[in-house]
**Q** 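What follows is a single structure, and I will ask about it in a moment.
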Amino acid sequence: MPASTPRRATGLLPLAVAVALGIAGPLLGGYLADLLVKVMVLSIFALSLQLLVGMTGLVSLGHAAYFGIGAYMTVLGSGDGGGNLFWLLFLAMGGAALYALAVGALSLRTRGVYFIMVTLAFAQMAYFVFHDTPVGGGSDGIYLYVRPAAGPLDLENRTVLFYVVLAALVFTYGLLALIGRSRFGAALAGIRVNEQRMRAAGFPTYGYKLAAFVLAGALAGLAGFLVAARDGVVNPEMLSWHISGEVLLMVILGGIGQLRGAVLGAVAFTLLKELLGTQALVGPLANHWQLTLGLAIIGFVALLPNGLIGLIGLVKGRRP
């Protein structure tokens with residue numbers, strides 16, 4: 001009984017945070033509400049990559065492709081008159097999943113640094129398709145003139161958007177938590193630790209990895225859908241390699257292998273960017289926020305090799 005209590009408390013913490021966000025949402029001002037929506041969307045994006053990096057052991061440097069495809073599918077499917085929320089959500093996640101299926105089917109035949117480079121190459125291919133052709137509006141991108149809606153769920157309403165994003169985050173976190181406790185999740189953990197042994201035990205490791213790759217792409221497409229609905233504009237930079245690098249940094253910063261780590265990393269990364277880019281706080285250094293952000297992340301990684309989630313363990317370990 002005493003051993004199960006901390007586990008139960010740990011499991012209830014994300015639910016408590018979600019309930020607190022749901023209560024606080026309508027009370028927040030415009031800037032804080034928008035910042036929180038941004039953090040929640042990036043948390044979904046980071047969780048989708050955590051499925052690959054932390055749960056399966058696949059380090060991808062092209063994850064932004066599915067994020068951007070989800071956003072572009074949302075805008076292209078809306079047209080000038082808008083579109084049904086559920087149809088556009090299906091289109092965004094389905095389009096991202098289909099591209100992930102094609103990329104995964106080829107890239108998963110490679111390993112290590114070759115896998116990283118192949119995923120990067122496919123992401124850059126998608127980037128140049130939208131950047132160099134009229135289908136995506138070229139380098140200027142395209143605009144979402146009417147945000148998705150379905151009955152009372154009209155994303156033009158910022159309060160509705162807040163709760164839709166919160167529900168998407170709860171869904172993503174809950175889905176990955178269930179996967180982690182399932183036979184499928186156990187197989188992914190085994191592949192991460194020793195794929196050769198799993199193959200020898202009779203597990204079709206390629207199929208498991210491909211399924212995880214496609215699901216991660218679909219969840220990244222969900223984040224892309226929400227970004228398009230939030231900002232009302234998408235551009236090719238959403239698919240670029242530095243966005244893939246940023247979401248990988250979120251996972252590393254928060255803690256690889258922990259769902260809470262992905263969320264913590266997204267929160268920390270976003271707040272660092274906001275704070276270090278605010279002239280009222282850091283003065284002239286705000287003009288060089290990329291430099292100070294890089295130094296801050298290096299410091300965090302050096303001092304906390306297990307990520308921010310490891311800091312919680314250190315604090316618990318020091319308690320009498």
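Only heavy atoms go into these numbers, but all of them, side chains included; no hydrogens, no water, no symmetry mates.
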**Q** Calculate, to the nearest 0.5 Å, the distance between atoms CG and CH2 belonging to Leu275 and Trp289 respectively.
**A** 12.5 Å

**Q** Minimum heavy-atom separation for Ile116 and Val59, please, with both atom names.
**A**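 The pair with the smallest heavy-atom distance is CG1-O, 3.2 Å.
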
**Q** Please table the atom pairs, donor to acceptor, closer than 3.5 Å between any side-chain atom in residues 28-36 and protein atoms at least two apart or in another chain.
**A**
residue	atom	partner	partner atom	Å
Tyr31	OH	Glu274	OE1	2.9

**Q** Quick one: pull up CE in Met55 and CG in Leu259 and give me the separation to the nearest 0.5 Å.
**A**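 Here the interatomic distance stands at 6.0 Å.
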
**Q** Relative to each other, are the rings of Phe130 and Tyr72 parallel, tilted or perpendicular (30° and 60° limits)?
**A**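 Parallel: the ring planes of Phe130 and Tyr72 meet at under 30°.
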
**Q** Can you check whether Ala65's main-chain N or O pairs, donor with acceptor, with Tyr127's side chain at less than 3.5 Å?
**A** no

**Q** Do you reckon Leu88 sits in the same ILVMFWY cluster as Leu153, going by side-chain contacts under 4.5 Å, direct or chained?
**A** yes

**Q** Say whether, by atom type as modelled, one donor and one acceptor occur between the side chain of Ser244 and the main chain of His63 under 3.5 angstrom.
**A** yes

**Q** Can you get from Ile44 to Leu21 by hopping between Ile, Leu, Val, Met, Phe, Trp and Tyr side chains that sit under 4.5 Å apart?
**A** yes

**Q** Under 4.5 Å side-chain heavy-atom separation, chaining through any Ile, Leu, Val, Met, Phe, Trp or Tyr, what else clusters with Leu295? Say none if it is isolated.
**A** Leu291

**Q** Are any side-chain N or O atoms of Ser240 and backbone N or O atoms of Pro236, one a donor and one an acceptor, separated by less than 3.5 Å?
**A**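 Not at all, since once roles are kept as given, no pair shorter than 3.5 Å links the two residues.
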
**Q** Show your reasoning for whether side-chain contact (heavy atoms from CB on, under 4.5 Å) applies to Lys273 and Leu293.
**A** CA-CA 7 Å; Lys273 284 182 72 173; Leu293 177 64; 3.7 Å; yes

**Q** State yes or no: do Ile69 and Tyr143 share one hydrophobic cluster built from I, L, V, M, F, W and Y residues joined by side-chain heavy-atom distances below 4.5 Å, directly or via other members?
**A** no

**Q** If you measure from CG on Leu15 to OH on Tyr173, what distance do you get to the nearest 0.5 Å?
**A**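 It comes to 10.5 Å.
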
**Q** For the residue pair Arg109 and Tyr206, would you count it as a cation-pi contact if the rule is NZ or CZ under 6.0 angstrom from the ring centre and within 45 degrees of the ring axis?
**A**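 Yes; both conditions hold, so Arg109 lies above the ring face of Tyr206.
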
**Q** With no hydrogens and no angle check, is any side-chain donor or acceptor of Ser107 less than 3.5 Å from a backbone partner on Phe115?
**A**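 Looks like no, no N/O pair under 3.5 Å.
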
**Q** Keeping the roles fixed (side chain from Gln50, backbone from Ile256), state whether a donor-acceptor pair exists under 3.5 Å.
**A**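 No, Gln50 side chain to Ile256 backbone: no donor-acceptor pair under 3.5 Å.
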
**Q** Give me the ring orientation class for Tyr208 and Phe184: parallel if the planes are under 30° apart, tilted from 30 to 60°, perpendicular past 60°.
**A** parallel

**Q** Under the criterion side-chain contact (heavy atoms from CB on, under 4.5 Å), I'd like the reasoning laid out for Leu175 against Leu215: C-alpha separation, chi angles, the key distance, then a yes or no.
**A** CA-CA 11 Å; Leu175 176 63; Leu215 179 57; 4.2 Å; yes

**Q** Taking side-chain contact (heavy atoms from CB on, under 4.5 Å) as the criterion, tell me which of Val227, Thr172, Leu169 meets it with Leu222.
**A**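 By the side-chain contact (heavy atoms from CB on, under 4.5 Å) criterion, Leu222 pairs with just one of Val227, Thr172, Leu169: Thr172.
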
**Q** Looking at Arg199, I want to see if its CZ is surrounded by more than 12 non-hydrogen atoms of other residues, nucleotides or ligands under 6.0 Å.
**A** yes

